[in-house]
Each structure stands twice: as C-alpha cells, then as structure tokens.
Amino acid sequence: MQEYKTTGVCCRRILFDLKDDKIHGVQFEGGCAGNLAAISKLVEGMNAQQAIETLSGIDCGGRGTSCSDQLAKALTESLAAAS
C-alpha cells in the first residue's frame with residue numbers, strides 16, 4: 001500500500017496500490033466521504049495514466065487543487081518512482 005500526504009484539501013492522505021499500472025484499493029483519509037468513496041470505485045482497476053489525465057487539474061472551491069487532483073499527483077509520483 002502506498003501513501004500520499006495531501007496538501008490544500010480536506011482529506012489528509014491517500015492510500016492506494018498500483019499493480020501493473022492499474023489502480024487498486026484507493027482509500028482517502030478525511031474529506032467528503034461520499035464523493036471520495038465514489039472516486040475510489042470509479043478508478044478501481046483503471047490504468048494509472050488514464051486516471052491522471054482524467055483527474056489532473058480539477059479544482060475544488062478555488063483551492064487550485066482537489067482530492068481527485070491530489071490522487072492524480074500521487075499516481076504521477078508513484079509512476080515516476082517506479083521508472
């Protein structure tokens with residue numbers, strides 16, 4: 001399980017696994033429970049690069065980021081570290 005500490009959003013951290021560049025078991029700690037549960041289900045089994053392209057740049061309330069954008073950042077870091 002990988003851990004990403006978020007910045008600028010309500011959720012404090014994101015836990016997830018990547019297997020063969022597919023996303024599994026995304027868990028958000030804190031934040032809007034219903035919305036984050038939906039994001040977790042929607043990205044389950046998705047290719048990480050596709051999720052990054054879909055979720056990057058989404059803004060929440062003028063913060064310049066969002067929990068979904070933070071997930072994209074976490075995935076980007078994880079893929080870069082694996083290269």
Side-chain angles (χ1 to χ4, degrees):
M1 185 75 55
Q2 298 185 49
E3 176 183 352
Y4 181 80
K5 294 192 184 211
T6 61
T7 57
V9 295
C10 298
C11 108
R12 295 177 297 282
R13 69 181 182 147
I14 305 169
L15 303 169
F16 63 96
D17 280 322
L18 279 182
K19 295 177 188 161
D20 299 322
D21 292 339
K22 304 276 188 206
I23 305 165
H24 298 283
V26 175
Q27 300 171 30
F28 292 88
E29 186 176 284
C32 304
N35 290 333
L36 297 176
I39 291 170
S40 297
K41 285 188 176 201
L42 289 169
V43 301
E44 181 66 29
M46 183 183 278
N47 176 277
Q49 191 59 47
Q50 180 185 2
I52 291 166
E53 292 168 10
T54 302
L55 301 174
S56 289
I58 294 175
D59 180 70
C60 179
R63 297 174 185 197
T65 191
S66 64
C67 294
S68 53
D69 182 58
Q70 290 290 297
L71 176 58
K73 291 177 189 298
L75 295 169
T76 299
E77 281 188 15
S78 181
L79 290 176
S83 302

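Keep in mind that what you see is a predicted model, and the values were worked out from it rather than measured. Just the heavy atoms: all of them, side chains too, but no hydrogens, waters or symmetry mates, feed the values below.
Cluster membership for L42 and I23, using ILVMFWY side-chain heavy atoms within less than 4.5 angstrom, is not shared. Hydrophobic cluster membership differs between I14 and V9, with clusters built from Ile, Leu, Val, Met, Phe, Trp and Tyr side chains linked at under 4.5 angstrom.
Annotation for L36 and C67: closest pair CD2-CB, 3.4 Å, computed over non-hydrogen atoms.
L75 has its side chain within reach of F16: a pair of non-hydrogen atoms, C-beta onward, lies under 4.5 Å apart. Under the 4.5 Å side-chain criterion, counting only non-hydrogen atoms from C-beta, F28 is in contact with I39. Side-chain atoms of Q2 and L18, non-hydrogen and from C-beta on, do get closer than 4.5 Å to each other. The side-chain heavy atoms of E44 and H24, taken from C-beta on, include a pair separated by under 4.5 Å. Taking the side chain as every heavy atom from C-beta outward, T7 and Q70 approach each other to under 4.5 Å. At least one side-chain heavy atom of C10 sits under 4.5 Å from a side-chain heavy atom of R63. Considering only heavy atoms from C-beta on, S66 stays 4.5 Å or farther from D59 through its side chain. With contacts defined as side-chain heavy-atom distances shorter than 4.5 Å, the pair V26/L15 does not qualify.
Legend: residues meeting side-chain contact (heavy atoms from CB on, under 4.5 Å) with D21, ordered by chain and number and at least two apart, are N47, L79.
The closest donor-acceptor contact from the side chain of S78 to the backbone of A74 lies at 3.5 Å or more, if one exists at all. Judged purely by atom type and a 3.5 angstrom limit, S56 has no side-chain atom pairing as donor or acceptor with the backbone of A72.
One finds the CD1 atom of I52 at 3.5 Å from the OG1 atom of T76 (value rounded to the nearest 0.5 Å). Between atom CD of residue E3 and atom CD of residue E29 there is a gap of 8.0 Å, rounded to the nearest 0.5 Å.
The list of salt bridge (charged side-chain N to carboxylate O under 4.0 Å, His left out) pairs with a residue in residues 68-83, not counting sequence neighbours, reads D69-K73.
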